[in-house]
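Only one structure is covered here, and it is reproduced in the block below.
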There are 2 protein chains.
Amino acid sequence: MPTNGTRMAGPEIHATDPWTPGHPKKHVRHQLLSDDERAQLAKIAAIVRFEKGERIYNQGDRADAVFNIISGVVTAYRMLADGPPVMSFLYPGDLFGLTEEARYINTARATTPVIAYKMPLQSVQRILSSSASLDVQVIVKLCDELRQAQHHAVLLTQKRAVKRLAMFLELQEHLQIARNEPTSEIYLPMDRSSIADYLGITLPALSRAFRALVVKKMIATRGRHHVKVLDREAFKNIADA
Amino acid sequence: MPTNGTRMAGPEIHATDPWTPGHPKKHVRHQLLSDDERAQLAKIAAIVRFEKGERIYNQGDRADAVFNIISGVVTAYRMLADGPPVMSFLYPGDLFGLTEEARYINTARATTPVIAYKMPLQSVQRILSSSASLDVQVIVKLCDELRQAQHHAVLLTQKRAVKRLAMFLELQEHLQIARNEPTSEIYLPMDRSSIADYLGITLPALSRAFRALVVKKMIATRGRHHVKVLDREAFKNIADA
DNA sequence: GGTACTCTTTGACGGCGATCAAAAAAGAAA
DNA sequence: TTTCTTTTTTGATCGCCGTCAAAGAGTACC
């Protein structure tokens, strides 16, 4: 589940515009901002870099900025008292850094090298309150995020580990398609333990679920980060079932 | 998880104002609407009644209105291909009827007799687009809902059924407190199978989880819809763990 | 290229919950 | 009330996954 972070428009990068990382006019799913509004927001954004594994902020930290990913993958997770964290994976175009009572509600860590726009919370709020259509944009994002959260809950109600994994792989594939990335292989930037946490199962159980799909010739793995769907029909049968 | 529906301000009822069911000036958590805006919205709202068990709308129906509960409990659920539905329970003040591409994303059914405001989607959108501060109100609601969705995901990552149940009971208790209702007993208007679906376990497993808590003298049940916490410390120990 | 580390896989075992089935309790209707 | 239906509980068995432990693969660093 996306604990935080909101899917945005396009997959590519536009250096001066934190709100429309997509190609300026092509392949933009939601075109809800005027040039003027985008220009306003571009002014307050700074470009920041994080190396792989680096902490971006901690749960409970005083929130001072929201982030918008330019490139790379961010893992956001909420720590619980005992159990595994609740996680979400964020890709270019995703917004993250949502707050509750002025504090970050989760921890964000760069899963790959990450470049992102950093926008001071104060400035964002000022602009937000002076522009009604920006609000609409945010609402659209929140609805997207809500759908993802719901999808995660759907996934977690599945009882067999193989089905959770299949649903997860299908989701990743769909996200890749939405980002206009090559779709012959599914790319999984995060490590196995992150996936296990996301699926709500243990690492050994995840490993066995992978094996089960490989043995049945439904998928093939190349290294740790690449999966190819071999038997599409059988695969969809498990994932959608 | 709340598949849909958004928590709003107060617990009580104000007959002419669909957006602030709470007492006009007291105990209102979010006071984000001007009198003018509330008056605008009151004009377009109709009061509708549903009897216990009645369907309010079906998943996939063309969406023509959003609802705001005045009294009663609504269960919203999304049907899946095979598995159990993903559900949410909605109480007075909750907004529901969110859409995806002009169609309802879930099915809503009255769990108890329900009275609600029904607001034509068109009118809501028109007013929304002409009022920036209403947008903010909606954003607050979406954030609330997102938190609930996250809480549901947290619950579903728990592996033992007793813990899921304890977390659920604790959540219901908190919602009751937020609604300023008596808190000596936890009231569960929905039936066991709805709870089981929400917890992602089967009905027998839920029954055993209840029994386990009763046998350990942590809770006592009165009829099907009332639960009392006897050993608060042990109970919180399981729920928060 | 070699070494040390982390990440991942595999194995064995036990427990919890799913499943199937039937009994019991609660509610609804007559 | 009595009867019928629906909901909930209980029981028995099986399978999946959690747990603990160790071996293997991959990666980073020197």
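Below, read A as the first sequence line, B as the second, and so on, with proteins coming before strands; counting in each chain starts at 1.
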Within the sub-3.5 Å range, which N or O atoms of nucleotides 20-24 of chain C have a protein N or O partner, and how far apart are they?
none

* Given D:dT9, D:dG18, C:dA18, which nucleotide is nearest the side-chain atoms of B:A205? -> C:dA18

* How many Å lie between CG on A:L203 and P on D:dA21, as a whole number? -> 17 Å

* Asked: Does a nitrogen or oxygen in the side chain of A:T202 sit under 4.0 Å from OP1 or OP2 of D:dG18?
  -> yes

* **Which nucleotide in C:dG17, D:dT7, C:dC7 has an atom nearest any side-chain atom of B:R160** => C:dG17

* Would you mind reading off the distance between A:D197 atom CG and C:dT8 atom C1', rounded to a whole angstrom? => 15 Å

For residues 171-178 of chain B, please give each side-chain donor-acceptor pair under 3.5 Å, one per line with the distance, not counting sequence neighbours.
unit_1	atom_1	unit_2	atom_2	d
B:Q172	OE1	B:Y91	OH	2.7
B:E173	OE1	B:R232	NH1	2.9
B:E173	OE2	B:R232	NH1	3.4
B:E173	OE2	B:R232	NH2	2.9
B:H174	ND1	B:E170	O	3.3
B:Q176	OE1	B:Y187	N	2.9
B:Q176	NE2	B:P182	O	3.0
B:Q176	NE2	B:E185	O	2.9

* Take the C1' atoms of the five end pairs on each side of the helix from C:dG1-D:dC30 to C:dA30-D:dT1, get both axes, and report the angle to 10 degrees. => 50°

* To do: Return the value, rounded to whole Å, for the distance between atom CD of B:Q158 and atom P of C:dG17.
  => 12 Å

* Asked: In terms of side-chain heavy atoms of A:K159, which of C:dA18, D:dT9, D:dT10 is nearest?
  -> C:dA18

* Asked: More than 12 non-hydrogen atoms from neighbouring residues, nucleotides or ligands closer than 6.0 Å to CZ on B:R49, yes or no?
  -> no

* To do: Would you kindly compare B:L206 and A:S207 by the position of their nearest DNA chain C nucleotide and give the one closer to the 5′ end?
  => A:S207

* Below 4.5 Å, heavy atoms only, C-beta onward: do B:E54 and B:R109 meet side chain to side chain? -> no

At a cut-off of 3.5 Å, list every protein nitrogen or oxygen paired with a nitrogen or oxygen from nucleotides 22-27 of chain D, distance to 0.1 Å.
unit_1	atom_1	unit_2	atom_2	d
D:dG26	O4'	A:R224	NH2	3.4

* To do: Evaluate the side-chain proximity of A:Y198 to A:L155: yes if any heavy-atom separation is below 4.5 Å, no if none is.
  => yes

* Do A:F67 and A:V74 come within less than 4.5 Å of each other through their side chains, counting heavy atoms only? -> no

* Asked: Please give, in whole Å, the distance from C:dG17 P to B:L165 CG?
  -> 11 Å

* Structure fact -> B:D191 atom CG is separated from D:dT6 atom P, nearest whole Å, by 14 Å

* Please check if the side chain of A:R78 supplies one atom and the backbone of A:N106 the other of a donor-acceptor pair under 3.5 Å. => no

* Asked: For B:I201 and C:dT19, what is the distance between atoms CD1 and P respectively, to the nearest whole Å?
  -> 12 Å

Which atom pairs, one a donor and one an acceptor, fall under 3.5 Å between side chains of residues 206-213 of chain A and the rest of the protein, sequence neighbours left out?
none

* With a 4.5 Å limit on heavy-atom distance, are the side chains of A:R224 and A:D191 in contact? -> no

* Among C:dA18, C:dG17, C:dT9, which nucleotide sits nearest the side chain of A:R192? -> C:dT9

* Within the side chain of A:T112, is there an N or O that forms a donor-acceptor pair under 3.5 Å with the backbone of A:V73? -> yes

* Asked: Does the pair A:Y77 and A:S194 meet the rule for a side chain to side chain contact (heavy atoms under 4.5 Å, CB included), with working shown?
  -> CA-CA 10 Å; A:Y77 54 96; A:S194 293; over 6 Å; no

* Asked: Are the side chain of A:R103 and the backbone N or O of A:Q59 linked by a donor-acceptor pair below 3.5 Å?
  -> no

* B:R164 CZ - C:dC16 P separation (whole Å) -> 14 Å

* To do: Please name all residues satisfying side-chain hydrogen bond (donor to acceptor under 3.5 Å, both in side chains) with A:T111, sequence neighbours left out, ordered by chain then number.
  => A:T75

* Phosphate OP1/OP2 of C:dT10 contacted by A:R211 side-chain N/O (<4.0 Å) -> yes

